[in-house]
Enquirer: 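There's a structure below that I have some questions on.
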Amino acid sequence: MEYKVVITADAEEDLDRFVRYLLFVKQNPQAATNVLNDFEETKQSLSHIAGSLQPCENPHLNALGYRKIHFQTHRYFMLYRIEGNLAIVDSIFHELQDYENKIR
């Protein structure tokens, strides 16, 4: 099944925050470009495999219907849920973030 991937405003803000950090704090435009490219590749992959990934193990996130997909080559991941043929990405996190306690 093919899924239409929807990136919410919150997820766009998450990605923008990571990219701005790489650009302005780390002053590394190549890293920012690489993360954006990885995001696009992961989004494309999600459109094909969204339904096959396991629900989150965390009981709270599981109850909300969340699944996650890791970026292909960077330490970020998307939290998404499925509604019909939509894969709705609500948040993007770095692997080191305490994401389980941020979703309410």
Enquirer: Does some side-chain heavy atom of Q54 sit less than 4.5 Å from a side-chain heavy atom of R67?
Expert: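 SC-SC contact between R67 and Q54 ruled out.
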Enquirer: Between Q30 and N34, do the side chains contain a donor N or O and an acceptor N or O under 3.5 Å apart?
Expert: yes
Enquirer: Are I88 and T8 packed together at the side-chain level, in the sense that at least one heavy-atom pair is separated by less than 4.5 angstrom?
Expert: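 Touching, per the 4.5 Å side-chain cut-off.
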Enquirer: Hey, is D16 close enough to R20 for a salt bridge, meaning N to O under 4.0 Å?
Expert: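 Result for this pair is yes, salt bridge flagged.
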Enquirer: Under 4.5 Å between any side-chain heavy atoms of F93 and K68, yes or no?
Expert: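 No. Closest side-chain heavy atoms not under 4.5 Å.
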Enquirer: Shortest non-hydrogen contact from I103 to S91?
Expert: CD1-OG, 3.6 Å
Enquirer: Which heavy-atom pair separates D14 from R17 by the least distance, and what is that distance?
Expert: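 D14 and R17 have their closest heavy atoms at OD1-NH2, 2.7 Å.
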Enquirer: If two hydrophobic side chains count as joined below 4.5 Å and joins carry through other members, does V35 share a cluster with L96?
Expert: no
Enquirer: Mind checking whether Q72 and S45 have side chains closer than 4.5 Å, heavy atoms only?
Expert: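 Yes; the side chains approach each other to less than 4.5 Å.
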Enquirer: In Å, rounded to the nearest 0.5 Å, how long is the span from CG of L79 to CG of L61?
Expert: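 Output value for this atom pair is 6.0 Å.
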Enquirer: Between V89 and V6, is a side-chain contact (heavy atoms from CB on, under 4.5 Å) present by the stated rule, with each step listed?
Expert: CA-CA 6 Å; V89 178; V6 176; over 6 Å; no
Enquirer: In Å, rounded to the nearest 0.5 Å, how long is the span from CG of D38 to NZ of K43?
Expert: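 D38 CG to K43 NZ: 13.0 Å, rounded to 0.5 Å.
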Enquirer: Do H60 and E100 meet the criterion of a side-chain donor-acceptor pair at a distance under 3.5 Å?
Expert: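 Their side chains do not contain a donor-acceptor pair, so the 3.5 Å distance test is not met.
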Enquirer: Mind running side-chain contact (heavy atoms from CB on, under 4.5 Å) on L86 and Y3 for me, showing each step along the way?
Expert: CA-CA 5 Å; L86 301 177; Y3 292 87; over 6 Å; no
Enquirer: With a 4.5 Å cut-off on side-chain heavy atoms, are F39 and M78 touching?
Expert: yes
Enquirer: Closest heavy-atom contact between I7 and A11?
Expert: CG2-CB, 3.8 Å
Enquirer: Any side-chain heavy atom of L23 sitting closer than 4.5 Å to one from N28?
Expert: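 The answer is no, as the side chains (C-beta and beyond) never meet within the 4.5 Å cut-off.
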Enquirer: Any side-chain donor-acceptor pair under 3.5 Å between N101 and D98?
Expert: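 A donor-acceptor contact under 3.5 Å links the two side chains.
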Enquirer: At what distance, to the nearest 0.5 angstrom, does CD1 of I49 lie from CD of E2?
Expert: 11.5 Å
Enquirer: Decide side-chain contact (heavy atoms from CB on, under 4.5 Å) for D10 and D90; before the verdict, give the C-alpha distance in whole Å, the side-chain angles of both, and the deciding distance to 0.1 Å.
Expert: CA-CA 6 Å; D10 287 342; D90 286 324; over 6 Å; no
Enquirer: For E57, is the CD atom crowded, meaning more than 12 foreign heavy atoms sit under 6.0 Å from it?
Expert: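 Count not over threshold, so no.
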Enquirer: Relative to the ring of H94, is the ring of Y76 parallel (under 30°), tilted (30 to 60°) or perpendicular (over 60°)?
Expert: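 Judged by the thresholds at 30° and 60°, the geometry between Y76 and H94 is perpendicular.
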Enquirer: Atom CZ in R75, atom NE2 in H70: separation rounded to 0.5 Å?
Expert: 11.0 Å
Enquirer: Decide side-chain contact (heavy atoms from CB on, under 4.5 Å) for L46 and I69; before the verdict, give the C-alpha distance in whole Å, the side-chain angles of both, and the deciding distance to 0.1 Å.
Expert: CA-CA 7 Å; L46 184 61; I69 183 170; 4.1 Å; yes
Enquirer: Side-chain heavy atoms under 4.5 angstrom apart, residues restricted to Ile, Leu, Val, Met, Phe, Trp, Tyr: same cluster for V19 and I92?
Expert: yes
Enquirer: Hey, what do you get for CD (E13) to CG (L15), rounding to the nearest 0.5 Å?
Expert: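 Answer for the CD-CG pair, E13 versus L15, is 11.0 Å.
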Enquirer: Hydrogens and angles aside, do N58 and Y66 bring a side-chain donor and acceptor to less than 3.5 Å of each other?
Expert: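 Side-chain D/A pair, N58 to Y66: absent.
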Enquirer: Out of curiosity, C56 SG to Y99 OH, how far, rounded to the nearest 0.5 Å?
Expert: 5.5 Å
Enquirer: Just so I know, are the side chains of P59 and N62 near enough to count as touching, which here means a heavy-atom distance under 4.5 Å?
Expert: no
Enquirer: Counting only heavy atoms not in F77, do more than 12 sit closer than 6.0 Å to its CZ atom?
Expert: yes
Enquirer: Ion pair present between R81 and E83, side-chain N to carboxylate O less than 4.0 angstrom?
Expert: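 Answer for the salt bridge query: yes.
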